[in-house]
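Count residues from 1 along the sequence. In what follows, every heavy atom counts, from backbone to side chain, and hydrogens, waters and symmetry copies are set aside. Bear in mind the structure is a predicted one, so any value in this text is a computation, not a measurement.
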Amino acid sequence: MNSEEEFYDAETGLESDDSCEVSFKDALVFEGKQAKDASTTQQNGVWERRKVLPADMISRNNLNMWSILKKCIGMELSKIAMPVVFNEPLSFLQRISEYMEHTHLIHKACSLSDSIDRMQVVAAFAVSAVASQWERTGKPFNPLLGETFELTREEDGYRLISEQVSHHPPISAFHAESLKQEFEFHGTIYPKLKFWGKSVEAEPKGTMTLELLKHKEAYTWTNPMCCVHNIILGKLWIEQYGTVEIVNHSTGDKCILNFRPCGMFGKELHKVEGYIQDKSKKKHRVIYGKWTECMYSVDPKVYDANKKAEKKAGGISKKQKQETCAEGDEADDMPDVQETVTVIPGSALLWKIKPRPPHSEQMYNFTSFALTLNEMEPGMEELLAPTDCRLRPDLKAMEDGDLDGAMTEKERLEEKQRAARKERSKNEEEWCTRWFQMKTNPHTGAEDWLYTGGYFERNFVESPNIY
């Protein structure tokens, strides 16, 4: 049988200076280039991106998840076939492209002269890359072997290509580049999913590499763990947790970010805290905020003084904190927490999330950026590779609200993929990737799927027939 898995993505922001209060109203707005708001088709003769999906989200109320997952406790889910109704109408390759929603942060980093300043903006970008997972409990479609996705956003100054380079285990590779040769951003993701009875845990294995070409700098990091709670009963909710270490391989600077696990009373839910240090381990900035909301930067001395003042005023005791952590794993109900960040005086706002579009909950909780990823721009169909996931019939049927059509097409595509694999095995043929090859990442020394170039020359004669 085939598989269906994965989780992941990104959200939106601005940039600023701030001090005190619990709102953003006093923050100065970063004057960077921001993506235009999504729209539908023509406005005064100018094409605009859509703001809605063709159909509302398909209801999941009538399916018994327990009947599917009860035999999978503790197992890795990459080989479990899941009903298409639990999907969202995007491929995992498109999910990956949502990292680029916050490209203005990369442009900002390119414009800064100080390496510590660049690091704090890169850290904000790394956090923003997981922000669109908030409330996105639908599973993206597993990419077929050889499936691709391209994305060009001239208004944001970049283009991206991704390819599914392996099916078992599922491995996705992507490469994004500035249209003005300012940066390259690339990575390989091979997610591991496990079901633990009440929850599904996703470990997004793989390294992200961001190269700022003007500064001759390369940053690498891995993404945090993701857990989806209440898979069987109750309201689905997501938390991210784990330590993310961002390394500047040129200067030796590091940013260590701690994505906090929830805890019993929800006081740590969505929180991210960390610090930037140079190669001599001297701390320069503290980074704090929530991955669902915003990220700030502040001087370490100011941060420490603020924490001491909080303790004196009667913060949570050490014993309470220990109890919270110890009991957190038993409580799967989402804590009722206030979605705000208390801003320390003297902080600088690095990134702030954009609100979801109206009626987002009826559109798989998509961001405005995600709403546009399956859209065919004028003249695009003639230029696309035949392997692009916009052309994938089961995904398109689901976006159009046709569940029966999506299920039928999904089964047909999976059977076609199995037959092709058997044929290659019979003829002793190896699968050849089209746009990426396994090489050594020059910054980490580890094996990585790296872009070999040539996609945008648009010679697709040898592309496989996967749909």
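Nearest heavy atom pair, residue Met295 against residue Ile287, reads CE-CG2, 3.3 Å. Nearest heavy-atom pair across Phe174 and Leu160 is CD1-CD1, 4.3 Å. Taking each heavy atom of Met363 and Leu53 in turn, the nearest pair found is SD-N, 3.5 Å. Nearest heavy-atom pair across Pro204 and Met225 is CD-CA, 4.1 Å. The two residues Thr152 and Glu377 come nearest to each other via the heavy atoms O-OE2, 4.4 Å. Here the shortest heavy-atom pairing between Gly206 and Thr222 reads O-CG2, 3.3 Å.
For the atom pair CG of Leu105 and SG of Cys110, the computed distance is 11.0 Å after rounding to the nearest 0.5 Å. We find the CG-OG1 distance between Asn258 and Thr243 to be 5.0 Å, quoted to the nearest 0.5 Å. Ile171 CD1 to His168 NE2: the interatomic distance, rounded to the nearest 0.5 Å, is 12.0 Å. Interatomic distance, Ser162 OG to Gln94 CD, rounded to the nearest 0.5 Å: 8.5 Å. Once rounded to the nearest 0.5 Å, the distance linking NE2 of His284 with SG of Cys255 reads 12.5 Å. The distance from atom OG of Ser172 to atom CD1 of Ile96, rounded to the nearest 0.5 Å, is 4.0 Å.
A cation-pi arrangement is absent between Arg392 and Phe141, since the terminal nitrogen or guanidinium carbon is not both under 6.0 Å from the aromatic centre and inside a 45° cone about the axis.
Defined by atom type and a distance below 3.5 Å, a donor-acceptor pair is missing between the side-chain atoms of Thr103 and Asp156. A donor-acceptor contact closer than 3.5 angstrom is absent between the side chains of His186 and Glu177. Remark: the Asn441 side chain and the Thr209 side chain contain an N/O donor-acceptor pair separated by less than 3.5 Å. Using modelled atom types and a 3.5 Å distance limit, the side chains of Arg118 and Thr251 yield no donor-acceptor pair. Checking Ser166 against Tyr190 by side-chain atom types alone, no donor-acceptor pair falls below 3.5 Å. Remark: the Ser91 side chain and the Glu147 side chain contain an N/O donor-acceptor pair separated by less than 3.5 Å. When only modelled atom types and interatomic distance are considered, Tyr219 and Glu217 share a side-chain donor-acceptor pair under 3.5 Å.
Annotation: side chain of His249 is in contact with side chain of Thr220 (closest heavy-atom distance under 4.5 Å). Side chains of Lys290 and Trp134 form no contact here, defined as non-hydrogen atoms less than 4.5 Å apart. Residues Cys226 and Val130 fail the side-chain proximity criterion, which asks for heavy atoms closer than 4.5 Å. Side-chain contact check for Pro170 versus Asn142: every heavy-atom pair is 4.5 Å or farther apart. For the pair Phe149/Leu373, a side-chain contact is recorded, criterion being any heavy-atom separation below 4.5 Å from C-beta on. In this structure, Phe183 and Lys214 have side chains that are not in contact, with every pair of non-hydrogen atoms separated by 4.5 Å or more. In this structure, Gln240 and Gln133 have side chains that are in contact, with non-hydrogen atoms separated by less than 4.5 Å. Residues Ile189 and Phe92 are in side-chain contact: their nearest non-hydrogen atoms beyond the backbone lie under 4.5 Å apart.
In this structure, Tyr303 contributes its side chain and Tyr275 its backbone to no donor-acceptor pair below 3.5 Å. Side-chain atoms of Thr188 come within 3.5 Å of backbone atoms of Trp449 as a donor-acceptor pair (strictly under, hydrogens ignored). No donor-acceptor pair under 3.5 Å is formed between the side chain of Tyr288 and the backbone N or O of Lys271. Formation of a donor-acceptor pair under 3.5 Å by the Asp448 side chain with backbone atoms of Leu450 is not found in this model. Looking at His215, its side chain does come within 3.5 Å of a backbone N or O of Leu112 through a donor-acceptor pair.
Ring geometry for Trp435 versus Tyr455: interplanar angle over 60°, hence perpendicular rather than tilted (30 to 60°).
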Exercise. Given side chain to side chain contact (heavy atoms under 4.5 Å, CB included), test Glu211 with His443 step by step and report yes or no.
Key: CA-CA 10 Å; Glu211 300 180 48; His443 310 294; 3.5 Å; yes

Apply side chain to side chain contact (heavy atoms under 4.5 Å, CB included) to Glu184 and His175, showing your working. CA-CA 7 Å; Glu184 290 182 358; His175 178 94; 3.7 Å; yes

Tell me, with the steps shown, if Arg390 and Asp388 meet salt bridge (charged side-chain N to carboxylate O under 4.0 Å, His left out).
CA-CA 5 Å; Arg390 293 178 184 87; Asp388 194 282; 3.1 Å; yes

Practice task
Please test Leu90 against Tyr364 for side chain to side chain contact (heavy atoms under 4.5 Å, CB included), starting from the C-alpha separation and ending with a verdict.
Solution key: CA-CA 10 Å; Leu90 288 177; Tyr364 304 89; over 6 Å; no

* Given Arg356 and Phe366, is the side chain to side chain contact (heavy atoms under 4.5 Å, CB included) satisfied, shown in steps? -> CA-CA 7 Å; Arg356 297 280 168 97; Phe366 280 2; over 6 Å; no

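Between Tyr451 and Phe436, the distance separating the two ring centers is shorter than 6.0 angstrom. Within the 6.0 Å centre-distance limit, the rings of Phe125 and Phe185 are counted as a close aromatic pair.
Between Glu88 and Arg95 a salt bridge is recorded (basic side-chain N to carboxylate O distance below 4.0 Å).
Counting heavy atoms of neighbouring residues, nucleotides and ligands inside a 6.0 Å radius, atom CD of Glu447 does not exceed 12 of them.
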